[in-house]
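A quick note: this is a predicted structure, and the numbers were derived from the prediction, not measured. Below, read A as the first sequence line, B as the second, and so on, with proteins coming before strands; counting in each chain starts at 1.
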There are 2 protein chains.
Amino acid sequence: MSKLVQSIKEAIALSGLKDGMTVSFHHHLRNGDYVLNMVMEEIANLGIKELNVNASSLFDVHTPLLNHIENHVVTGLATDYIASGLGRAISMGVMEKPVQFRTHGGRPSDIALGRTPIDVAFIAAPTSDPMGNCSGKYGPSACGSLGYAFADAMYAKKVVVITDNLVPYPLQDWSISEDYVDYVVTVDAIGNPKGIVSGTTQITRDPVGLVMASHAAKVIEASGLLKDGFSFQTGAGGASLAAAKFLKEIMLEKGIQGSFGLGGITGYMVDMLKAGCFRSLMDVQCFDLKAVESIRSDARHQEISAMHYASPSSKSAVVDSLDVVILGATEIDTDFNVNVHTDSNGYIMGGSGGHSDTAAGAKLSMIIAPMFRARLPIVTDHVHCVSTPGQDIDVLVTQGGIAVNPRNAKLKEKLVGAGLPVLDIHELKEKTERITGKPQRLPKGDRVVAQVISRYGDLLDNIYNVPQKA
Amino acid sequence: MSKLVQSIKEAIALSGLKDGMTVSFHHHLRNGDYVLNMVMEEIANLGIKELNVNASSLFDVHTPLLNHIENHVVTGLATDYIASGLGRAISMGVMEKPVQFRTHGGRPSDIALGRTPIDVAFIAAPTSDPMGNCSGKYGPSACGSLGYAFADAMYAKKVVVITDNLVPYPLQDWSISEDYVDYVVTVDAIGNPKGIVSGTTQITRDPVGLVMASHAAKVIEASGLLKDGFSFQTGAGGASLAAAKFLKEIMLEKGIQGSFGLGGITGYMVDMLKAGCFRSLMDVQCFDLKAVESIRSDARHQEISAMHYASPSSKSAVVDSLDVVILGATEIDTDFNVNVHTDSNGYIMGGSGGHSDTAAGAKLSMIIAPMFRARLPIVTDHVHCVSTPGQDIDVLVTQGGIAVNPRNAKLKEKLVGAGLPVLDIHELKEKTERITGKPQRLPKGDRVVAQVISRYGDLLDNIYNVPQKA
């Protein structure tokens with residue numbers, strides 16, 4: 001018995017893929033991924049049409065998808081994030097059917113519940129054995145965690161592992177086990193290591209970013225959550241990392257040992273683990289090489305599946321035990337609804353990822369953002385698109401003040417008590433508009449180009465096309 | 001959010017357990033298990049009746065089940081193995097409905113396929129955190145692998161983790177993750193460490209056993225399978241271990257590095273790993289303390305789920321890549337059908353466990369057994385009960401000769417070529433009967449007390465009651 005097949009083409013043929021079916025991909029190779037394009041090209045060559053592509057995220061490296069969309073090879077798209085290049089085309093109306101946006105927890109939940117069945121999952125695996133025991137930790141294209149690929153492997157009817165590092169059976173320390181895998185294909189390279197993981201993101205030196213970060217750390221300290229057992233997730237942005245740096249200093253000074261760091265893991269979180277700020281890291285995705293090295297070599301740094309990370313239909317997920325998450329926003333409205341899907345011109349350039357999941361789960365969910373970007377205020381009356389509902393956001397931290405969601409009156413009390421510059425969000429909006437002026441409301445097109453589906457599976461908002469100038 | 005509940009009673013109540021439902025248990029605590037009895041006592045106290053119990057194996061420590069059977073608390077039993085004390089009662093007809101015997105691979109397969117749905121799984125966990133991330137490797141009742149509990153956790157409607165070693169969230173190096181767990185209960189002790197794992201089983205010193213073991217090693221050597229990449233499973237019996245010892249010597253002498261050792265793992269397999277005979281161990285169950293220590297501390301020694309081990313409905317299982325398995329038998333017939341369910345008087349005293357699964361998967365499946373026990377020949381015309389079909393058995397090794405299944409003519413050629421004492425199985429039977437005399441055929445009762453269900457889910461044989469003398 002062998003699962004090794006000669007080519008991606010052969011694997012597609014054996015999988016029984018037919019017109020109208022759904023194929024899936026994970027995004028751990030990020031902007032270095034070769035696999036989605038290689039597979040879709042073979043599918044196109046085979047003349048298979050009208051497929052749904054369910055990808056945990058799409059990056060600009062996946063721009064060839066646009067050809068497949070134009071040629072009706074791909075007519076449906078479900079994903080949790082779309083980078084700006086591809087997103088712009090979607091916003092211009094390249095697809096007939098709206099894109100379905102989900103969250104990193106909602107995607108595996110809907111897969112597990114059978115709402116979004118997958119016919120054939122293609123799993124880019126930095127290392128695999130001939131029976132499909134595979135891992136992201138080892139090999140020339142190592143990406144660390146394969147967290148987002150577990151649901152695809154477990155629930156797809158057919159599973160194809162594609163690797164550029166075939167090792168003898170059995171691979172030790174597998175992530176996805178052979179009992180889920182139908183076929184294994186070797187290729188020269190599954191990705192470009194330079195694009196797979198970024199180098200270390202620099203902590204911001206921008207004075208505005210540093211003020212925001214300092215506020216953020218003080219909010220966490222004042223919240224009462226910063227004590228032994230503290231758990232934390234933050235993004236890879238410069239200001240978020242600066243907040244983590246200030247937090248680390250407070251934790252070391254006070255001798256606080258947190259329980260876990262969560263999420264997409266950066267080298268900075270690895271530093272916090274090594275400094276004793278956390279007992280462990282729970283890693284659904286590695287953001288940089290330091291994180292990849294750590295998950296490979298440090299037993300305290302553990303891989304989690306997306307179900308374990310954030311699925312609302314799991315019996316519980318790690319986000320449910322999370323104390324504090326620091327999140328970004330392109331806009332936030334006076335009801336604390338957050339937009340992370342579209343940019344200031346209304347073009348798609350992102351997605352929820354784990355935004356809504358962590359916001360829903362964390363005891364304190366904080367948006368950190370500058371008061372304005374390019375003279376556009378962060379606070380608006382109504383966000384162009386609701387990515388995360390305001391009920392799940394506790395506080396907005398800017399350089400010009402901190403706005404607490406009225407739903408969390410106790411937090412406001414604590415922050416005021418700690419002498420932090422707390423403002424009503426309407427005040428913060430007005431304060432900002434005194435600097436920037438009142439922006440014009442963005443025009444919306446008349447056609448839905450994407451649906452934002454909440455982590456629980458219901459429609460949260462629609463994203464409309466961006467009307468093009470004549 | 002907390003999953004911690006005050007007592008087993010509370011967990012049962014919260015689980016919604018009702019008359020006629022199915023509860024499940026795993027057997028990693030073996031004859032030291034307290035959990036099945038504690039849970040069943042609470043269920044009985046709550047007045048719940050007519051339950052099905054699906055347990056991966058049952059030991060004599062579980063004899064209190066007989067009371068629950070008599071009181072109609074338990075009316076259905078599904079398991080892969082029943083020890084002799086309980087087995088005797090079953091054979092005497094204590095249950096109205098026949099027991100369903102499955103294999104260690106067939107059990108998770110039938111659970112995953114929905115053929116044997118579980119309402120509430122009770123998972124004895126030597127260590128757990130409050131959200132149910134749990135492990136068998138750590139704690140005062142450590143048992144090592146939790147391989148047989150994965151299917152229960154993944155597919156039961158409700159999952160209750162019962163532990164005597166609660167640790168802060170999150171447990172590192174969990175085996176079963178919180179996303180499958182509904183409730184967590186702490187108790188004083190989940191088992192008696194003395195019964196959980198045996199001490200080291202001694203390699204046989206019995207001259208008959210040593211001859212068998214030496215034959216066995218020579219058969220493996222002559223088969224052509226003993227080369228780099230060799231994989232191997234053996235049981236914990238004295239002669240099996242002696243065979244492993246001879247094999248180890250050959251491997252070290254010839255500088256052969258095997259790929260993996262599989263199965264229920266003993267300290268002897270750990271020694272082989274350390275000596276370099278294998279690159280890794282794939283462990284569905286630890287048989288002794290040395291194995292428990294090894295799976296905890298040696299990354300080459302990996303836990304596998306029962307699906308990964310042996311399920312015929314997995315995309316593949318490790319048994320499918322196995323070269324050689326050494327298995328036992330209470331009887332084998334001239335068609336090579338093997339009985340491991342009943343003893344020489346027809347009483348239930350075992351079960352397939354992984355017998356049929358490894359026999360079906362391995363390239364060479366060998367039965368090792370003495371020509372006779374207490375003057376009863378090992379070879380018969382028809383086994384009292386077919387546990388593993390003869391088509392999956394390649395060779396029978398006894399001290400008085402080696403019988404090869406005619407289906408494997410090439411193997412016979414090789415063994416004859418190697419000068420091994422090969423006999424036709426009918427000759428071996430006659431040779432034995434010249435010593436022992438021809439035994440009387442066992443009387444069968446008229447009532448089916450157990451069904452032997454093959455790993456694929458179909459009925460393989462029936463076990464009848466043992467007629468009692470007046």
Side-chain angles (χ1 to χ4, degrees), chain A residues 1-3 108-109 112 129-133 150 153-154 156 158-159 161 167-174 177-184 228-229 231 257 259-260 262 278-282 297-302 304-311 313-318 320-321 361 363, chain B residues 1-3 105 108-109 112 129-133 150 153-154 156 158-159 161 167-174 177-184 228-229 231 257 259-260 262 278-282 297-302 304-311 313-318 320-321 361:
Chain A
M1 182 183 184
S2 172
K3 297 178 181 176
S109 175
D129 68 31
M131 297 301 276
N133 295 294
F150 282 80
M154 292 170 71
K158 296 286 176 182
V159 176
V161 162
V167 298
Y169 184 91
L171 170 64
Q172 282 167 23
D173 192 22
W174 62 84
S177 55
E178 63 180 296
D179 38 323
Y180 298 114
V181 178
D182 293 278
Y183 308 109
V184 178
D228 281 344
S231 58
Q257 192 191 39
S259 52
F260 65 91
L262 175 64
F278 300 116
R279 276 190 285 110
S280 58
L281 296 179
M282 309 285 265
S297 60
D298 190 332
R300 298 171 302 174
H301 184 161
Q302 294 261 338
I304 50 174
S305 73
M307 287 88 82
H308 194 178
Y309 172 47
S311 170
S313 58
S314 287
K315 271 34 179 315
S316 71
V318 185
D320 300 323
S321 293
K363 292 191 186 70
Chain B
M1 180 182 183
S2 172
K3 297 178 182 176
S109 176
D129 69 30
M131 298 302 273
N133 294 296
F150 282 78
M154 292 172 71
K158 296 287 175 180
V159 175
V161 163
V167 297
Y169 185 92
L171 170 64
Q172 282 169 23
D173 192 21
W174 61 85
S177 55
E178 65 180 295
D179 38 324
Y180 298 114
V181 178
D182 293 278
Y183 308 108
V184 178
D228 282 344
S231 58
Q257 192 191 38
S259 51
F260 65 91
L262 174 64
F278 301 116
R279 277 189 285 109
S280 58
L281 297 179
M282 310 286 266
S297 59
D298 190 332
R300 299 171 301 174
H301 184 162
Q302 294 261 338
I304 50 175
S305 73
M307 286 89 82
H308 194 178
Y309 171 48
S311 170
S313 58
S314 288
K315 266 52 177 303
S316 71
V318 185
D320 301 323
S321 293

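- The closest side-chain heavy-atom distance from Val184(A) to Asp129(A) is not below 4.5 Å.
- Comparing Ser305(B), Gly132(B), Ser313(B), Ala317(B) by how many heavy-atom pairs each has under 4.5 Å with chain A, the most go to Ala317(B).
- The candidate from Met131(B), Lys158(B), Arg279(B), Met307(B) with the greatest count of non-hydrogen atom pairs under 4.5 Å with chain A is Arg279(B).
- When the salt bridge (charged side-chain N to carboxylate O under 4.0 Å, His left out) test is applied to Asp298(A), the partners found at least two apart in sequence or on another chain are Arg300(A).
- Side chain of Asp320(B) to backbone of Gly361(B): no donor-acceptor contact under 3.5 angstrom is found.
- Chosen from Ser231(A), Pro168(A), Ser311(A), the residue pairing most often with chain B at heavy-atom distances under 4.5 Å is Pro168(A).
- Take Phe260(A) and apply the ring-ring contact (aromatic ring centres under 6.0 Å, His included) test, not counting sequence neighbours, and it matches Tyr169(B).
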